[in-house]
2 protein chains.
Amino acid sequence: MISHNIVPNISVDCVVFGFDFKKLNVLLVERELKDEESGKLLIKDHTLTGYHIFEDEDLDTAANNILKNLTGLDNIFLEQFAAFGQLDRVAGDKDKVWLKYINKGFAERIVTVGYLALIDNTKVTLHLKDKNVQWFPVNKINGMEMAFDHKHIFYKALEALQRKVKVEPIAFELLPDYFTLSQLQKLYEALLGTSFDKRNFRKKVSQMHYVIPLKKKQKGVPHKPAQLYLFSREVYDKTRKGKISFII
Amino acid sequence: MISHNIVPNISVDCVVFGFDFKKLNVLLVERELKDEESGKLLIKDHTLTGYHIFEDEDLDTAANNILKNLTGLDNIFLEQFAAFGQLDRVAGDKDKVWLKYINKGFAERIVTVGYLALIDNTKVTLHLKDKNVQWFPVNKINGMEMAFDHKHIFYKALEALQRKVKVEPIAFELLPDYFTLSQLQKLYEALLGTSFDKRNFRKKVSQMHYVIPLKKKQKGVPHKPAQLYLFSREVYDKTRKGKISFII
DNA sequence: GGTTAGTTGTGTACAATTTACACGAAGATA
DNA sequence: TATCTTCGTGTAAATTGTACACAACTAACC
């Protein structure tokens with residue numbers, strides 16, 4: 001953790017996505033506030049993982065530090081997707097109460113920079129056990145109570161993710177190093193909310209020379225084990241073509 | 001102009017693109033600083049069009065106000081593309097001198113939110129005459145002196161523009177209401193730095209039902225006048241398909 | 001050891017889209 | 001009336017996308 005002064009009116013918020021081989025999830029922090037004297041529960045809802053930046057910290061560094069703190073991991077895929085600066089970001093009375101207790105009454109408009117984080121579930125689940133941080137299925141978010149404008153930020157992140165995933169090979173960040181083609185297909189289906197034909201999907205992937213078949217097979221599954229594959233960013237960078245989809 | 005207090009550590013910068021039917025241009029402001037006593041020229045370079053936000057102003061509003069102030073126009077296409085918060089954004093001695101004179105010595109790191117603006121040249125050129133604001137060809141920017149990290153911001157904007165233009169019909173914002181297919185083609189060629197086959201380009205456009213042929217023809221050209229077309233966002237919104245380019 | 005349950009991995013025919021390519025017609029000018 | 005410049009058009013071949021079904025493999029169970 002960094003020890004210098006925070007910048008009171010600027011923060012970063014990370015929208016952390018994960019994939020459990022079935023559905024897409026997002027990491028949220030439970031926000032709970034009890035009155036100091038009466039012990040009465042004043043607030044209970046969820047927030048994205050974010051914090052103010054520090055005076056001597058870049059935006060990217062701030063986002064990285066949040067994730068490191070949260071998951072214990074470094075080198076997580078992290079990409080800015082938007083900044084939010086609406087005057088009414090502090091949404092309701094709930095948030096005002098929160099700021100009064102937690103933020104020393106500071107209620108100026110805070111500009112927050114949103115980061116998209118993609119993590120490999122298999123590497124982090126243990127670290128989360130003892131914190132008030134949990135995975136929530138992306139399609140359950142709509143019905144949840146969320147702090148500030150975090151629901152809005154979340155949906156912007158999801159849109160950005162769906163857009164990027166069609167154009168860049170970032171989805172692999174959500175899978176373990178070795179994965180099967182069925183897992184890859186299910187991931188894309190979860191991300192985009194569609195379904196693909198198995199044979200056509202595989203034909204397509206086999207043309208991507210940066211998705212490399214290994215000589216290994218899946219282990220510990222109660223059925224025919226599938227071949228494992230590896231994504232190579234190096235190969236990708238050397239073979240990208242730069243397709244255009246909207247015009248020509 | 002707005003009269004309230006500025007937020008000292010947050011600004012917006014607009015990267016304003018225009019098209020003169022031959023090449024893509026960007027709007028830059030000449031920054032010139034003379035020593036008050038000696039009259040000696042301390043700084044001369046260029047900046048993007050930007051300013052601090054005001055306490056009672058949204059980010060989007062701030063960007064809009066800058067453009068209105070600059071061009072006299074409202075309703076300009078404007079879209080956030082990134083936030084910049086590197087600690088070394090104030091690049092060199094030049095910028096420190098500038099901040100000392102202009103910004104009352106305030107030299108804290110400023111986080112700036114970058115906006116992409118696309119404008120129809122034919123509507124604004126007159127408004128710019130008497131200001132130190134000028135169009136510069138995009139491919140000349142590399143050799144220019146620019147303030148702060150504005151060259152970096154400019155290139156990020158250009159990348160974002162090239163990316164978006166392939167996926168959304170925003171290029172039309174750079175053309176007048178009525179345009180010819182040759183102008184549209186030259187625009188895409190200028191934007192993407194490629195060239196297209198005329199017949200194939202037209203075949204493609206003819207499938208876009210939101211590019212609508214008019215019964216009008218070009219006037220005042222020393223050759224066969226071309227048919228004029230119109231872009232209809234309304235038709236676009238009703239006929240979009242949502243193609244995928246990277247996978248399936 | 002044989003059966004069951006669940007998942008893997010493969011090919012082909014047809015449709016749609018993309019690409020490459022050249023010339024006569026229209027209008028302005030001298 | 002000749003010349004200049006840009007406009008506007010079609011077809012054939014190659015590539016890419018789509019729809020569709022079944023046998024083989026492994027683990028687990030009896």
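To find a chain, count down the sequence lines: A is the first, B the second, and so on, and within it residues start at 1.
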- Choosing from D:dA19, D:dT26, C:dC21, which nucleotide comes nearest the side chain of B:Asp197? C:dC21

- Taking NZ from A:Lys216 and P from C:dT8, how many angstroms apart are they, rounded to a whole number? 19 Å

- Task: For B:Thr180, answer base if it contacts any base atom (sugar-phosphate contacts may also be present), sugar-phosphate if it contacts only those atoms, and nothing otherwise; contact means non-hydrogen atoms under 4.0 Å.
- Result: nothing

- Item | Side chain of B:Arg202 - closest among C:dA20, C:dA26, D:dT9 | D:dT9

- Send over the distance from A:Gln183 CD to C:dT8 C1', rounded to a whole Å. 13 Å

- Taking the side chain of A:His223 as its heavy atoms from C-beta onward, which of C:dT7, D:dC7, C:dG11 lies nearest to it? C:dT7

- N or O in side chain of A:Ser182 less than 4.0 angstrom from C:dT7 OP1/OP2: no

- Tell me: CZ of A:Phe21 to C1' of C:dT7, nearest whole Å? 16 Å

- Query: How close or far is atom C1' of C:dT10 from atom CZ of A:Phe201, stated in whole angstroms?
  - Reply: 16 Å

- Task: For A:Phe172 and A:Phe179, run ring-ring contact (aromatic ring centres under 6.0 Å, His included): C-alpha distance rounded to whole Å, both residues' side-chain angles, the deciding distance at 0.1 Å, then the answer.
- Result: CA-CA 9 Å; A:Phe172 299 99; A:Phe179 52 86; 5.7 Å; yes

- Does a side chain donor of either B:Tyr115 or B:Asp60 reach within less than 3.5 Å of an acceptor in the other side chain? yes

- Message: Using the rule given for ring-ring contact (aromatic ring centres under 6.0 Å, His included), can you reason through A:His46 versus A:Phe136, listing the C-alpha separation, both sets of side-chain angles and the distance that settles it, and then say yes or no?
- Response: CA-CA 10 Å; A:His46 291 86; A:Phe136 292 86; 4.8 Å; yes

- Proximal nucleotide (of C:dG9, D:dC7, C:dG11) relative to the A:Asn200 side chain: C:dG11

- Item | Which residue lies more 5' along DNA chain D, comparing B:Ala226 with A:Lys217 via nearest heavy atoms | B:Ala226

- Item | A:Pro222 or B:Pro225, whichever maps to the more 5' nucleotide of DNA chain C | A:Pro222

- Query: Whole Å only: how far is the NZ atom of B:Lys203 from the C1' atom of C:dA20?
  - Reply: 10 Å

- Query: Is the base of D:dG17 touched by the side chain of A:Lys204 through a donor-acceptor pair closer than 3.5 angstrom?
  - Reply: no

- How long is the line joining CD of A:Gln227 and P of D:dC25, in whole Å? 14 Å

- Would you say the side-chain atoms of B:Asp58 pair up with the backbone N or O of B:Thr61, donor to acceptor, closer than 3.5 Å? no

- Item | Whole angstrom value for the distance that separates P of D:dT9 from CD of B:Gln185 | 14 Å

- Query: Any Lys/Arg nitrogen of B:Lys151 or B:Asp45 sitting under 4.0 Å from an Asp/Glu carboxylate oxygen of the other?
  - Reply: no

- Item | Nearest listed nucleotide, side chain of B:Arg199, among C:dG6, D:dG8, C:dC21 | C:dC21

- C:dG9 P sits how many Å from A:Tyr229 OH, rounded? 6 Å

